[in-house]
Amino acid sequence: MVAMTVLATAAAPPASCRDLPWAVARERAHAASVPLPARQVPLARAAGLTLADVLRTPQPMPGFDTAAMDGYAVGPGAGPWRVRGVVRAGDAWTGGPLDAGEAVEISTGAPVPAGARVVMPLERTDRSGTLVRGPALADGEHIRRAGEDAPAGAPLAPAGTRIGPALLGLAAASGHDTLPVRPRPRVRVLVTGDELTHTGRPAPGRVRDALGPLLPPLVQAMGGEITDVQHIPDRPAGALAAAVRGTSYCGADVTVVTGSTSVGATDQLRMLLADADARWVADAVACRPGHPQLLAQLPDGHCVVGLPGNPYAALVAAHTLLAPLLAGFTARPLPTLPRIPLTGDIRSAPGRTRLIPVTWDGTTAHPAGGHRPAFLHGAALADALAAVAPEWRQGDPAPLILLTA
Ligand SMILES: Nc1nc2c(c(=O)[nH]1)N[C@H]1C(S)=C(S)[C@@H](COP(=O)(O)OP(=O)(O)OC[C@H]3O[C@@H](n4cnc5c(N)ncnc54)[C@H](O)[C@@H]3O)O[C@H]1N2
Ligand code: MOO
């Protein structure tokens, strides 16, 4: 908990973190967080989390010589082969090695008896009584040898990998029941703005809160977890400071404050952070929209992200500062952004990176729709946000942040 009394020495943000270039702001936000302690969780609770340690297979994969086709495992020789028995998936063959001229009927996934040279697919064989004939095949055909995908101890995935469905299946296939993970960083949201309403159509002068509904799924897609969305009145002054302080930040690792980043009478965030002797990471970013966004750390390390009240500006700012910060909490690398040719009715901005919602047809990106700071129309239809640098020219590639939420 941090005392937030007004200090005569309250520090203004240093010039070194003011108006950061957009790419630098992402890097600084990523470097600002310390990875959360690792814990072991069952596979069923690991989806979407981040691997905290290298994943190795404790056993060879496959674990035994396995038939890759339904048919016959045959020993040496050109045939015909005498069928000695049947092995189905899940069986253990106890009949000893196959000698020259011997075969077993076998199912896909069954253990191949020692001595088998190949598995012949059923549809390429001709059986008569206990004798089976088949084509000449190269040694080992249709047999998956033990350890040929990965020997015991082989690394399967590095620390920092996001745990998706395929990784869960791979972990299970190699014999793991639990995984070492970084938990989701916990994020609470404080929505400010006395003009905001939360249901129905807003009356004249009132504005419907767009960020309360937008932020929880966005944070989830960025690898975090929302603990709480609170609505904080602008008046009386001091309500926001008290809410930020909260009781041990309500267990959150990050506090996101919306709608208090500007310089108006009710925009208290910068002042309360300065009063609390916060360490500034980013005090405004040279981008459009989203310029007044900020990131600071209270003396005990708790991170506070300020998102502008304009909803599209807030979305841009969340992708600029919050996503890299959350990646750092889980020791994920800062994502490298694909660079895709961009065309359309776009103007770059001198000295600033413009963030434009775009659709991407597989080769070229195009503007998706309206993207003034308060309007989410383009973003709602977009595949990605394109980061348009000041020097960008029509048709040049631009880095894309893919929108997965
Ligand atoms: N004198 C200056 N004024 C402003 C500047 C500036 O540099 N100097 N910057 C402008 C820019 S750019 C932005 S962005 C905003 C950021 O202001 P705040 O973060 O303090 O946000 P508010 O002023 O409270 O709100 C701005 C706008 O957004 C609406 N809003 C707020 N919260 C929500 C919400 N949850 N859902 C929907 N809409 C929301 C609010 O009603 C305002 O219309 O400052 C400019 N001013
Ligand atoms: O840049 Mo503000 O962030 O225009 O909406």
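In this text the structure is predicted, and so the values were computed from the model without any measurement. All ligand and atom numbering here is 1-based and tracks the order in the structure.
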Student: Between G290, G309, P202, P373, which one has a non-hydrogen atom sitting closest to atom 28 (O) of ligand 1?
Tutor: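 Comparing heavy atoms across G290, G309, P202, P373, the nearest one to atom 28 (O) of ligand 1 lies in G309.
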
Student: Nearest protein heavy atom to atom 43 (O) of ligand 1, by residue and atom, and its distance?
Tutor: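 For atom 43 (O) of ligand 1, the nearest protein heavy atom comes out as N310 OD1, 4.1 Å.
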
Student: Would you call R206 and E195 a salt bridge, using N to O less than 4.0 angstrom?
Tutor: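 Looking at R206 and E195, the cut-off is not met.
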
Student: Indicate yes or no: does D396 engage R339 in a salt bridge with an N to O separation below 4.0 Å.
Tutor: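 Between R339 and D396 there is no salt bridge, as every charged N stays at least 4.0 Å from the carboxylate O atoms.
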
Student: Using 0.5 Å steps for rounding, measure from the OG1 atom of T125 to the CH2 atom of W81.
Tutor: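 Nearest 0.5 Å value for the OG1-CH2 distance: 10.0 Å.
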
Student: Could you check whether S260 and Q268, counting side-chain N and O atoms only, form a donor-acceptor pair closer than 3.5 Å?
Tutor: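 Absent: no donor and acceptor within the cut-off.
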
Student: Spell out, as yes or no, whether a donor-acceptor pair under 3.5 Å connects the side chain of H291 to the backbone of A286.
Tutor: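 Looks like no, no N/O pair under 3.5 Å.
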
Student: Would you mind checking if D65 and R144 are paired as a salt bridge, meaning a charged N to carboxylate O distance below 4.0 Å?
Tutor: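 Salt bridge flag = no for D65 with R144.
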
Student: Could you tell me whether atom 4 (C) of ligand 1 has a protein heavy atom closer than 4.0 Å?
Tutor: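 Yes, at least one protein heavy atom sits under 4.0 Å from atom 4 (C) of ligand 1.
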
Student: Looking only at N/O atoms, are T258 and ligand 1 under 3.5 Å apart anywhere?
Tutor: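 In this structure, T258 places no N or O atom under 3.5 Å from an N or O of ligand 1.
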
Student: Could you tell me whether a side-chain N or O of T261 sits under 3.5 Å from a main-chain N or O of G306, the two making a donor and an acceptor?
Tutor: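 Side chain of T261 to backbone of G306, a donor-acceptor pair under 3.5 Å: no, none is there.
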
Student: Report, in ascending order of atom number, the atoms of ligand 1 lying under 4.0 Å from any heavy atom of V263.
Tutor: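 Within the 4.0 Å cut-off of V263, ligand 1 contributes 1 (N), 2 (C), 8 (N).
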
Student: Just by modelled atom types, is the G153 backbone N or O under 3.5 Å from a matching donor or acceptor in the R56 side chain?
Tutor: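 Judged by distance alone, yes, a pair lies under 3.5 Å.
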
Student: For a distance cut-off of 3.5 Å, show me each N or O of ligand 2 paired with any protein N or O, plus the separation.
Tutor:
| residue | atom | partner | partner atom | Å |
| --- | --- | --- | --- | --- |
| ligand 2 | 1 (O) | G290 | N | 2.9 |
| ligand 2 | 3 (O) | G290 | N | 2.6 |
| ligand 2 | 5 (O) | N310 | ND2 | 3.2 |

Student: Quick check: A210 and ligand 1, any N/O pair under 3.5 Å apart?
Tutor: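 By distance alone, the answer is yes.
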
Student: At a non-hydrogen distance cut-off of under 4.0 Å, which region of R208 contacts ligand 1 (side chain, backbone, both, or neither)?
Tutor: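 Answer for R208: backbone.
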
Student: Between R117 and E141, does any side-chain N to carboxylate O distance fall below 4.0 Å?
Tutor: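 Here R117 does not pair with E141 in a salt bridge, since their nearest N and O are not under 4.0 Å apart.
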
Student: Under a 4.0 Å threshold between the charged nitrogen and the carboxylate oxygen, would D253 count as salt-bridged to R186?
Tutor: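 No, R186 and D253 are not salt-bridged.
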
Student: Report the part of P308 (side chain from C-beta onward, or backbone N, CA, C, O) that has a heavy atom under 4.0 Å from ligand 1; answer both or neither where that applies.
Tutor: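 For P308, the contact with ligand 1 is made by both the backbone and the side chain.
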
Student: Is the side chain of N310 donor-acceptor paired with the backbone N or O of Y312 at a distance under 3.5 Å, no angle test?
Tutor: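 No, because the side chain of N310 does not come within donor-acceptor range (under 3.5 Å) of the backbone of Y312.
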
Student: What atoms of ligand 1 come closer than 4.0 angstrom to any heavy atom of D267?
Tutor: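 Counting atoms of ligand 1 from 1, those under 4.0 Å from D267 are 20 (O).
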
Student: May I ask you to decide if G140's main-chain N or O and H142's side chain share a donor-acceptor pair within less than 3.5 Å?
Tutor: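 Judged by distance alone, no pair lies under 3.5 Å.
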
Student: With atoms numbered from 1 as shown, which atoms in ligand 1 lie under 4.0 angstrom from a non-hydrogen atom of P311?
Tutor: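 Every atom of ligand 1 under 4.0 Å from some heavy atom of P311: 37 (C), 38 (N).
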
Student: Considering only heavy atoms, does V207 approach ligand 1 within less than 4.0 Å through its side chain, its backbone, both, or neither?
Tutor: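 The part of V207 near ligand 1 is the side chain, not the backbone.
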
Student: Do P350 and P390 make a side-chain contact, defined as non-hydrogen atoms from C-beta onward lying under 4.5 Å apart?
Tutor: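 A side-chain contact is absent here, since even the closest heavy-atom pair is not under 4.5 Å.
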
Student: From atom 45 (C) of ligand 1, work out which of S262, G259, S260 has a heavy atom at the shortest distance.
Tutor: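 Answer by nearest heavy atom: S262.
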
Student: May I ask you to identify the nearest protein heavy atom to atom 19 (O) of ligand 1, giving residue, atom name and distance to one decimal place in Å?
Tutor: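 Nearest protein contact, heavy atoms only, for atom 19 (O) of ligand 1 is T261 OG1, 2.6 Å.
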
Student: For ligand 1, which atoms have a heavy atom of E195 less than 4.0 angstrom away?
Tutor: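 Once the distances to E195 are compared, the set is 31 (C), 40 (C), 41 (O).
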
Student: Among all protein heavy atoms in this structure, tell me which lies nearest to atom 11 (C) of ligand 1, with the distance rounded to 0.1 Å.
Tutor: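 Scanning the protein heavy atoms, the shortest distance from atom 11 (C) of ligand 1 goes to P292 CG, 4.0 Å.
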
Student: Would you say atom 32 (N) of ligand 1 touches the protein, meaning some protein heavy atom is under 4.0 Å from it?
Tutor: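 Given the 4.0 Å cut-off, atom 32 (N) of ligand 1 counts as touching protein heavy atoms.
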
Student: Keeping the roles fixed (side chain from T192, backbone from G259), state whether a donor-acceptor pair exists under 3.5 Å.
Tutor: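 At least one qualifying donor-acceptor pair exists.
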
Student: By number and element, which atoms of ligand 1 are closer than 4.0 Å to a non-hydrogen atom of D209?
Tutor: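 Near D209, the atoms of ligand 1 are 34 (C), 35 (N), 36 (N).
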
